[in-house]
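Here is the structure we will look at.
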Amino acid sequence: MTSMFDQYEQASQRSKQVPAPPIRPDISTAGFIQMKLQDDGPIFTKQKVNFLPSDKILHLAVSSNAIVIAMANNILLRIDMKQPDKTEEIDISKYALSMKISGLFLDPLGHHLLITLVPRHGDNPPPELFYLHRKTAKLKQAGKFKGHEITAVGWNFSNASETSSGPILLGTSKGLIFETEIGLENDKLFNTSLEQYWRQLPNYLPLYGSKEAGGLVFDIGKNSKPPITGIEFHKIPNSDKYVIIVTTLMRIYQYIGAVGNPEEKPLLQQVFYRYLNAQETFNEVINSLPYSKMQFYYPFLGVLPKSFGWLTEAGILYAQVDAKPDAKYVLVNQRMLTCPETSLMGSNVPQTTSVPLSFVLTEFHALLLYPDHVKGISLLNQELIFEDVYNDAVGKLIGITKDPATRSIWAYSERAVFKYKVTKEDRNVWQVYVDKGEFELAKQYCRDNPAHIDQVLVKQAEMLFKNKEYEKSALIYADTHSSFEEVSLKFLQEWQIEALKTFLRKKLDGLKTQDKTQITMIVIWVTELFMNQMGALRSSNTSYLHDSQYTELQKQFDSFLTIPKVEECIRRNRSTIYDLMASHGDKDNLICLTIMHCNYEEVIRQHLYKNNYLEALGVLKSQNNKDLFYQFAGILLQELPRPTVAVLISQGSSLKPAKLLPALVSCNSDEKHAKEIIKYLEFCVYKQGSQEQAIHNFLLSLYARYKQGEVMRYISSQGQDISMVHYDVHYALRLCQEVGLTEACVQLSALLGLWTTAVDLALTISVDLAKQIAAMPSDHDDELRKKLWLKIAEHVVREKDDIQQAMEFLQHCDLVRIEDILPFFSDFVTIDHFKEAICNSLQEYNQHIQDLKEEMQEATKAAELIRKDIQAFRTRCTFVHARDTCNTCDVQLLLRPFYVFPCGHKFHSDCLVAALTPMLSMDQRTKLADLQRQLTAISNRPEDTTSTISVSLSTRDQIKADIDELVASECLYCGELMIESIDKPFIEEEDYERVMKEWT
């Protein structure tokens, strides 16, 4: 349950919380709905740590979730925030009998703690430095630094060791800078490392020639010996240089130098060496305070800091850190931030002060610590954005610090510790950058919020408009949601036509295709602006075509017309645009626009209406709209057949002949037109390779009517395969029959498979043609071929009565015998005419009989050999020895059932089945599995009676025989299966990598 005190703290914090700036009323946000689903809450929120100190808190240090608290009773409280319930108390009373803690210094990793002790009164005893490691509870004294009050420590941010701090810098209250390395080794202080630094002391010369005791690397003061209040060093990336920042009460020093030998100790002596005899360079401010504070902002631990702050009486000197290898100074863009005044109620007389006790930096803000409250100011505009008042119950505030690793912020008073959480601190940064005129930075911090980005753009456009950079302003206005009418009116009032055109064109680019109304309005308006500008130049200059201004305007207008959205808009509103151009008397652009948008139809119509056919053909040829060819080709072919066909041929494959077919058919009324159409169709068929049946049919019909000599050439060029011809064979046959082209009918009948009709027609022309047709059928159709040849022979014998020619048929066709053609001869023909043919036929029969006898003798001999082989196999045996092994698994053969083949190969039955199964077909595999299943079922069946046993045995033998037929019909290694598997690899793909690894 929250205590009353905590409730009061939260209330006081809320009451002082400065609300975020509202949405700017002076910036248009048209087009966006301002909606906030949840409150972002304050940028800084405080949470009190559940911790009750045993005494007043003096110091607090935090790094990497490790917190060390020093209290007035000489107790160090060590807390690991990962385990906050486990606290560790370390009593240092024996080290601080008459001393007090003046400083706690914890390294960025939270492993190494340095404690400075100074005397409570006077100068005795001298100041001392103690070291405490995170893993130990025992302090180690750094004896060599006795007498030096360490006021600042420059930790090594590149160090990652838990046992060693790496090279570090120590600043003293007298302006001295030491370099050392400290840590634990086997629970002992690195005395050897310290001694090494001290032994190198004679090589170090202070700035003013004085020699100091210790690992001194630099003396920052001459006579005044100012205390060092802050020191840090970093290695500049991608170089061998280091930068060291040192602050005193009134000065900031920047030391930059190269480290040639990273192994040389002290390491940073090489940086300070170049400043030994050089004139000091520093920034100085007036400061009467006994303290100053130096802070850096780290985006992440392990990278260079991003910004720097130095608190003095004058305020906070704020700068950006820009560490480049060739830089002379790393603190750039320095400016003094004034701290807000605050009231102090410590006495009867109220006091005001503006100097905080301490501060921390975030990315965009600084938290200032006062004795009784904390204020947050913006680093960009110094506005107070946060104030948190503390109650007297927690005592006076002492300090505020930041964890460089987790970037958590911790404030502590005499009796309590508080943690601050930072939430979206860049939420309003964009507005600050807008007010400062840094619009690009403002866009970066808009968090991709379209409403905020729109406000930034509007403000930027307004500034450019005020600066009379109208075209740049127009480009940015076009990207905003500002009122279209108001922006357009602003440019018109200033008569900035070019800027207005720029604005309209950019708006046009942002419109979508479906925004047809807006697109149409902008296109017509821009066209009107161009027409007005060019019309004014034409009226004021008769030689306007040579005017550079007019030429440039024309180029811009041509470019505008080529925009796809504009082209589409003009296509939809063609008459409106044409009327607009005509009203301005701009015939040149009107003609160009007509050509650009391919509006040739009306032009061609006008030429045809006036009988200007050549002009119409010229316009048709010059344009790219192929639909106009199909539309006007008929009229032009009728009037100008030869030029029109030449134009059609020149278009090549861009025209589709099938779409031109209506125009071609309508113009073949006489031979003059038909010849030109034939020329185009021949171009389509022979040059373009057209395969459309309508084109081929039309060409064939024109051939049959006007060029009958070309019909046979065309049919021959198409071939004798009916599936490959491109014309309708039935239509062609009917066409040729109508015009009496018998030879063509013969070829077409043969193409249709009408062999008898084809031979009959061929015999009306010549016997040779009939022979050619009779030889065409496939050699497999012997009956058809014999029938055709007999028909020809009958024609020769009966019609021509040519016995000699009939006898020649017996030589041309091996299917026709003398006995086949004898019935065709008359009864008065003597046998002398057939003597030779009969003798040849008898000789052929005799030879055939002899061949049959030889075949029978060979079959008899083969049967005898087979019988002998069978007899030999019956008496053949094979010996199986006890040492014989399976050829597949190399295990003894007699251990399991096996097969022995005549070739000598031996296999276990299961090995043979396993090796042979992948080589079988799917049906064979199924059958084998079924047989094995049946055999297993029979083997497991209980044997009740003798008859059942006999039946089972006979069935088992039959199944085994079937299995043997499948798997043991031939040797696995010597049979046909091995030959058929010659294309299969020895090693399967899935086993390839494994086998290759085993071989290698």
Side-chain angles (χ1 to χ4, degrees), residues 633-634 637-638 641-642 644-645 648-649 656-777 784 788 791-792 795-796 799-800:
L637 278 171
Q638 192 70 36
R642 181 173 293 181
T644 303
V645 167
L648 295 179
I649 291 175
K656 296 181 180 179
K659 288 189 175 183
L660 283 171
L661 201 56
L664 299 175
V665 172
S666 64
C667 298
N668 62 345
S669 56
D670 55 20
E671 186 174 359
K672 174 185 175 183
H673 290 82
K675 286 183 178 180
E676 297 301 326
I677 294 174
I678 289 173
K679 185 188 297 183
Y680 178 69
L681 293 176
E682 287 177 341
F683 167 77
C684 296
V685 170
Y686 296 116
K687 296 293 181 64
Q688 298 295 116
S690 175
Q691 299 181 1
E692 297 182 33
Q693 190 178 76
I695 298 299
H696 286 264
N697 289 343
F698 187 37
L699 176 61
L700 189 58
S701 68
L702 293 179
Y703 277 153
R705 258 195 283 173
Y706 300 106
K707 284 188 175 183
Q708 295 183 355
E710 296 291 328
V711 173
M712 281 305 301
R713 183 180 70 85
Y714 171 78
I715 293 175
S716 299
S717 68
Q718 291 291 303
Q720 290 299 318
D721 187 352
I722 192 170
S723 63
M724 300 298 292
V725 299
H726 300 113
Y727 58 91
D728 186 346
V729 183
H730 297 87
Y731 169 75
L733 180 60
R734 184 170 65 253
L735 191 65
C736 292
Q737 288 173 347
E738 290 176 358
V739 296
L741 296 176
T742 306
E743 185 177 359
C745 290
V746 172
Q747 296 293 338
L748 294 172
S749 297
L751 190 61
L752 290 171
L754 305 174
W755 299 107
T756 303
T757 305
V759 170
D760 290 339
L761 289 174
L763 290 174
T764 61
I765 301 176
S766 69
V767 176
D768 293 335
L769 179 60
K771 291 179 181 179
Q772 294 177 10
I773 300 300
M776 286 183 180
L784 175 61
L788 297 179
K791 184 178 283 292
I792 298 172
H795 173 79
V796 172
E799 300 294 333
K800 295 189 176 184

Interatomic distance, Cys684 atom SG to Leu660 atom CG [nearest 0.5 angstrom]: 8.0 Å
Heavy-atom closest contact (Ala750 atom, Ala758 atom, distance): N-CB, 3.8 Å
Plane angle bin for Tyr686 and Tyr714 - parallel if under 30°, tilted between 30 and 60°, otherwise perpendicular: perpendicular
Atom pair CG (Leu751) and NE2 (His730), whose distance is rounded to the nearest 0.5 Å: 9.5 Å
Expected output: side-chain Asn697 to main-chain Asp728 donor-acceptor under 3.5 Å: yes
Euclidean distance, Leu741 CG relative to Gln708 CD, rounded to 0.5 Å: 4.5 Å
Nearest heavy atoms of Ser690 and His696, plus distance in Å: O-NE2, 2.7 Å
Sub-4.5 Å side-chain heavy-atom contact between His673 and Gln638: yes
Nearest-0.5 Å distance, CD1 of residue Ile722 to CE of residue Met724: 12.5 Å
Atom of Leu700, atom of Ala732 and distance for their closest heavy-atom approach: CD2-CB, 3.2 Å
Glu671 and Lys675: CA distance, side-chain angles, deciding distance, salt bridge (Lys or Arg N to Asp or Glu O under 4.0 Å) verdict: CA-CA 6 Å; Glu671 186 174 359; Lys675 286 183 178 180; 3.3 Å; yes
Tyr703 vs Glu682 side-chain heavy atoms within contact, under 4.5 Å: yes
Lys/Arg-Asp/Glu bridge criterion (N-O < 4.0 Å) met for Glu710, Arg713: yes
Nearest-0.5 Å distance that lies between atom NZ in Lys679 and atom CZ in Arg642: 5.5 Å
Side chains of Val739 and Arg705 in contact at under 4.5 Å (non-hydrogen atoms): no
Closest non-hydrogen atom pair between Thr764 and Thr742, with its separation: OG1-CG2, 4.0 Å
From CG (Asp670) to OH (Tyr706), nearest 0.5 Å: 7.0 Å
Nearest heavy-atom neighbours spanning Cys745 and Leu761: CB-CD1, 4.1 Å
Contact check, side chains of Ile677 and Val645, non-hydrogen atoms, under 4.5 Å: no
Derivation of the side chain to side chain contact (heavy atoms under 4.5 Å, CB included) call for Tyr727 and Leu699: CA-CA 9 Å; Tyr727 58 91; Leu699 176 61; over 6 Å; no
Side chain to side chain contact (heavy atoms under 4.5 Å, CB included) between Gln720 and Gln747, intermediate numbers included: CA-CA 8 Å; Gln720 290 299 318; Gln747 296 293 338; 3.3 Å; yes
Over all atoms of both residues, closest heavy-atom pair of Thr757 and Ser749: CG2-OG, 4.3 Å
Donor-acceptor contact present, side-chain Gln718 to main-chain His726, <3.5 Å: yes
